[in-house]
Amino acid sequence: MENNRPVRVRFAPSPTGRMHLGSGRTALYNYLLARKTGGTFVLRIEDTDRKRLVPGAEEELIEGMKWLGINFDEGPGIGGPYGPYRQSERKAIYQEYADKLVEAGHAYPCFCTPDRLERMRQEQQKRKEPPHYDRTCRNLSPEEAKRRVEAGEPHVIRFKSPMEGTTTVRDVLRGEITVENRTIDDYILVKTDGFALYHLAATVDDHLMDISHVIRGSEWLPSLPLHVLIHRAFGWVEPEYCHLSVFLKPSGKGKMSKRESADLLKDGYSIYVMDLKELGYLPEAVVNWIALMGWSYDDHTEFFSLKDLVEKFSLEHLNPSPAAINFTKFDHFAGLHVRNLQVEDLAQRMKPFFEKAGYAADLDTLVKIAPIVQERLVTLDEAPDLAGFFFKTEILPAAEELVPAGMTREQALDVARQSLAVLAAAPELTPEAAEAPMRELVEKLGLKAGQVFGLLRVAVTGQKVSPPLFESMMIMGRERVLKQVEQAVRMLEG
RNA sequence: GCCUCCAUCGUCUAGGGGACCAGGACGCAGCCCUUUCAAGGCUAAAACGCGAGUUCGAAUCUCGCUGGAGGCACCA
């Protein structure tokens with residue numbers, strides 16, 4: 001099915017909202033196929049609807065792709081031989097091609113008012129008919145239509161779709177799909193204001209930009225016959241089409257709504273790519289996770305870097321059925337990729353999150369901390385909770401937390417005093433030098449390691465949960481550690 | 001309502017007529033390891049939607065049903 005000839009593919013989002021996981025995956029698959037085949041990945045902005053334009057959306061989109069590591073070869077900002085790459089800058093091109101279609105008899109001007117169309121639709125609804133244009137203006141003579149257009153009468157351009165027969169299209173994932181032509185409406189190609197609508201603009205651009213494979217969301221599948229018909233009306237050969245399954249909400253019941261997306265954030269999740277960055281997820285994890293929603297490599301390999309994916313990706317292993325978003329599995333991948341990082345890299349990436357939490361974290365210390373927090377993190381955002389104490393000027397545990405479960409305050413005091421003596425006597429506070437004498441003390445006292453180390457953990461870090469105790473003490477330094485334990489003794493005395 | 005697509009453990013999936021009393025992963029439960037939290041290791045429970053047909057043989061092919069999803073704008 002798929003050879004390895006260099007493809008020309010495009011990701012064609014409209015800047016009408018935030019970049020979500022679904023668009024991220026579409027961009028990713030396009031990118032992967034382009035890199036895999038040594039082809040070209042084009043970014044095209046579909047901004048023909050000026051009313052729905054959201055300021056900053058294009059910027060966030062490009063930022064999101066950059067964060068994920070999905071770089072495009074041609075597009076806004078960097079240009080290319082097939083530009084411009086914003087459809088709003090291509091208005092004249094669509095007008096020209098719409099005219100060609102009218103001249104060739106494949107399209108016609110329609111003078112019906114939005115008002116009339118609305119009434120028509122309502123009646124059709126009432127009669128339980130599918131909403132469609134009744135083709136009134138299709139029957140106008142070309143002469144009359146031309147005269148009214150030249151008289152300046154407001155009009156749209158509609159596609160003259162065949163009224164009988166069938167149209168067969170091909171989708172890479174689904175094979176041949178045949179539809180009855182009578183179910184294909186005379187869709188509007190150009191609006192009254194002269195702007196092209198998606199169906200015309202995308203089709204013309206895909207041809208003009210020499211796109212070989214259209215990989216897009218399956219919400220476009222129903223309009224595929226129309227797009228193919230437009231290509232054919234021009235006498236063009238259509239590209240290969242590949243419609244990706246949709247992402248469903250975690251319950252599997254339908255697509256995610258705006259409301260539900262907002263609720264998600266309260267649980268520390270989001271379907272918006274840049275939110276995930278903010279939440280401390282690694283882009284590597286996002287890529288790995290979404291790549292595997294609708295694509296698989298074999299029956300056991302799940303950990304992939306972007307580079308791995310470029311090497312392994314192919315259209316054959318795509319799955320046509322919808323996939324429910326599963327954030328629990330995402331967390332799993334997030335953890336795997338944190339653990340996969342080089343220590344220096346992890347330190348570097350944690351830095352902004354420590355700073356955001358109000359800690360003046362220096363890179364040298366973060367490099368020391370990284371190995372002991374690495375296997376405990378799912379997101380970078382969790383790092384300051386776990387290891388912020390290293391940067392605190394004052395660590396003040398609550399006195400009652402210094403008393404381990406099943407122990408009296410007096411017993412705890414005794415343990416603290418003896419621990420302090422042992423630690424102070426140790427040549428240095430490294431795991432090698434301090435752990436063995438401490439364990440001897442535990443044995444001598446007839447206690448469990450957890451009891452003694454738990455007390456010390458709270459005394460030294462101020463936390464009940466922390467990275468491994470002796471490693472932490474080494475990073476903190478002898479002086480601070482002893483000061484903390486002395487403080488604990490005083491607190492237990494008082 | 002109409003059109004189209006989809007259908008394997010709760011979820012993501014492997015599977016493409018015999019290798020499948022269906023494999024992996026997440027999660028869940030239990031156990032091991034253990035100074036907390038993790039990580040890691042082991043074990044368990046857990047699926048071919050239903051019905052016909054084709055075939056010596058069907059999770060795999062065909063049809064029907066059911067269920068789910070998407071689409072039906074002077075949005076993309």
Side-chain angles (χ1 to χ4, degrees), chain A residues 12-17 46-49 51-52 87 110 112-114 117-118 121 124-132 154-158 171 173-174 177-180 183-185 187-193 195 197-199 201-202 216-225 243 245-246 248 250-255 289 292-303 317 319-333 335 339 372-378 386 435 438-439 442 448-458 461 463-470:
Chain A
S14 66
T16 53
E46 311 235 323
D47 58 350
T48 50
D49 188 353
K51 288 195 292 290
R52 293 208 312 152
Q87 292 190 327
C110 168
C112 295
T113 61
L117 296 175
E118 186 47 43
R121 260 195 296 272
Q124 287 166 344
Q125 292 260 331
K126 230 180 289 173
R127 288 193 305 253
K128 305 242 184 223
E129 281 174 27
H132 63 281
H155 66 280
V156 300
I157 304 294
R158 281 184 186 274
D171 177 84
L173 274 107
R174 297 154 228 273
I177 299 166
T178 300
V179 296
E180 300 279 341
T183 64
I184 302 173
D185 208 352
Y187 286 98
I188 293 172
L189 263 20
V190 180
K191 291 186 279 187
T192 307
D193 63 8
F195 263 97
L197 245 24
Y198 177 85
H199 300 302
R216 68 210 325 188
S218 71
E219 61 268 28
W220 295 112
L221 201 52
S223 46
L224 177 57
H243 291 86
S245 64
V246 286
L248 270 22
S251 65
K253 304 276 178 218
K255 295 207 286 190
W289 176 48
L292 255 21
M293 295 184 67
W295 176 84
S296 58
Y297 177 61
D298 57 21
D299 66 347
H300 65 279
T301 316
E302 288 211 316
F303 186 89
H317 288 94
N319 187 330
S321 42
I325 291 173
N326 182 347
F327 287 102
T328 316
K329 183 131 191 187
F330 178 38
D331 279 339
H332 168 70
F333 281 119
R339 276 164 252 146
I372 62 171
V373 297
Q374 188 158 28
E375 70 189 22
R376 280 157 246 272
L377 296 180
V378 169
L386 193 64
E435 186 167 350
M438 276 307 298
R439 284 192 185 277
V442 167
K448 285 184 181 152
Q451 294 176 293
V452 177
F453 294 171
L455 188 157
L456 276 183
R457 182 186 315 283
V458 174
T461 70
Q463 300 172 184
K464 284 188 152 167
V465 172
S466 83
L469 183 58
F470 293 102

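Computed from a predicted model, the values in this text were never measured in an experiment. So that the names make sense, note that chain A is the first sequence line, chain B the second, and so on, each numbered from 1.
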Inset, instruction - Check the distance between B:U36's P and A:Gln451's CD and give it to me in whole angstrom. - result: 11 Å
Legend entry - Residue whose closest nucleotide on RNA chain B lies nearer the 5' end, A:Ile177 versus A:Pro222: A:Ile177
Inset, instruction - Give, for atom CH2 of A:Trp289 and atom NZ of A:Lys329, the distance between the pair rounded to the nearest 0.5 Å. - result: 11.5 Å
Legend entry - Distance, rounded to the nearest Å, where A:Asp193 contributes CG and B:C74 contributes P: 12 Å
Inset, instruction - Quick one: look up who B:U36 pairs with, Watson-Crick or G-U, both distances under 3.5 Å, and put none if it's unpaired. - result: none
Inset, instruction - Please work out if A:Pro320 contacts a base, only the sugar-phosphate, or nothing of the nucleic acid, heavy-atom cut-off 4.0 Å. - result: sugar-phosphate
Legend entry - Below 4.0 Å: OP1/OP2 of B:A73 and any side-chain N or O of A:Arg158: no
Inset, instruction - Could you tell me whether A:Gly450 contacts a base, only the sugar-phosphate backbone, or nothing, with contacts defined as non-hydrogen atoms closer than 4.0 Å? - result: sugar-phosphate
Legend entry - Nucleotide opposite B:C65 in a Watson-Crick or G-U pair, distances under 3.5 Å: B:G49
Inset, instruction - Round to a whole Å and report the spacing from CG of A:Leu377 to P of B:C37. - result: 16 Å
Inset, instruction - Look at the side-chain N and O atoms of A:Ser321 and state whether any lies under 4.0 Å from the OP1 or OP2 oxygen of B:G68. - result: no
Legend entry - Donor/acceptor link under 3.5 angstrom from A:Thr192 side chain onto base of B:C74: yes
Inset, instruction - Considering only NZ, NE, NH1 and NH2 on the basic side and carboxylate oxygens on the acidic side, decide whether A:Glu219 and A:Lys255 come within less than 4.0 Å. - result: no
Inset, instruction - Could you tell me the separation between the NE2 atom of A:His243 and the P atom of B:A76, rounded to a whole number of Å? - result: 16 Å
Inset, instruction - Respond yes when some side-chain nitrogen or oxygen of A:Lys51 is under 4.0 Å from OP1 or OP2 of B:C75, and no when none is. - result: yes
Inset, instruction - Whole angstrom is fine here: how far is it from CD in A:Glu375 over to P in B:G40? - result: 8 Å
Inset, instruction - Give none if B:C21 has no partner; otherwise give the nucleotide forming a Watson-Crick or G-U wobble pair with it, both distances under 3.5 Å. - result: none
Inset, instruction - Describe the nucleic acid contact of A:Glu302 in one word from base, sugar-phosphate, nothing, applying a heavy-atom distance below 4.0 Å. - result: base
Inset, instruction - Give the rounded distance in Å between these two atoms: CG of A:Leu224 and C1' of B:C72. - result: 15 Å
Legend entry - Base paired to B:C42 (Watson-Crick or G-U; both N/O distances under 3.5 angstrom): B:G30
Inset, instruction - Would you indicate, yes or no, if B:A14 has its OP1 or OP2 atom less than 4.0 angstrom from a side-chain nitrogen or oxygen of A:Ser296? - result: yes
Inset, instruction - Would you please classify the geometry between the A:His317 ring and the A:Tyr297 ring as parallel, tilted or perpendicular, with 30° and 60° separating the classes? - result: tilted
Inset, instruction - Quick one: list whatever passes salt bridge (charged side-chain N to carboxylate O under 4.0 Å, His left out) with A:Asp49, sequence neighbours left out. - result: A:Arg52
Legend entry - Opposite nucleotide pairing with B:U55, Watson-Crick or G-U, both atom distances under 3.5 Å: none
Inset, instruction - Assign A:Asp331 to base, sugar-phosphate, or nothing according to its heavy-atom contacts below 4.0 angstrom with the strands shown. - result: nothing
Legend entry - Value in whole Å for how far the C1' atom of B:C75 lies from CZ of A:Arg52: 4 Å
Inset, instruction - Could you state the atom-to-atom distance from CZ of A:Phe333 to P of B:U13 in whole Å? - result: 11 Å
Inset, instruction - Could you tell me whether A:Pro322 contacts a base, only the sugar-phosphate backbone, or nothing, with contacts defined as non-hydrogen atoms closer than 4.0 Å? - result: sugar-phosphate
Legend entry - For B:C9, the Watson-Crick or wobble counterpart (both distances under 3.5 Å): none
Legend entry - Donor-acceptor contact below 3.5 Å, side chain A:Gln463 vs main chain A:Leu386: yes
Inset, instruction - Output yes when at least one side-chain N/O atom of A:Asn319 is less than 4.0 Å from OP1 or OP2 of B:A14, else no. - result: yes
Inset, instruction - Report yes if a side-chain nitrogen or oxygen of A:Arg339 is closer than 4.0 Å to either non-bridging phosphate oxygen (OP1 or OP2) of B:G40; otherwise report no. - result: yes
Legend entry - Phosphate contact (B:U11 OP1 or OP2) by A:Lys253 side-chain N/O below 4.0 Å: no
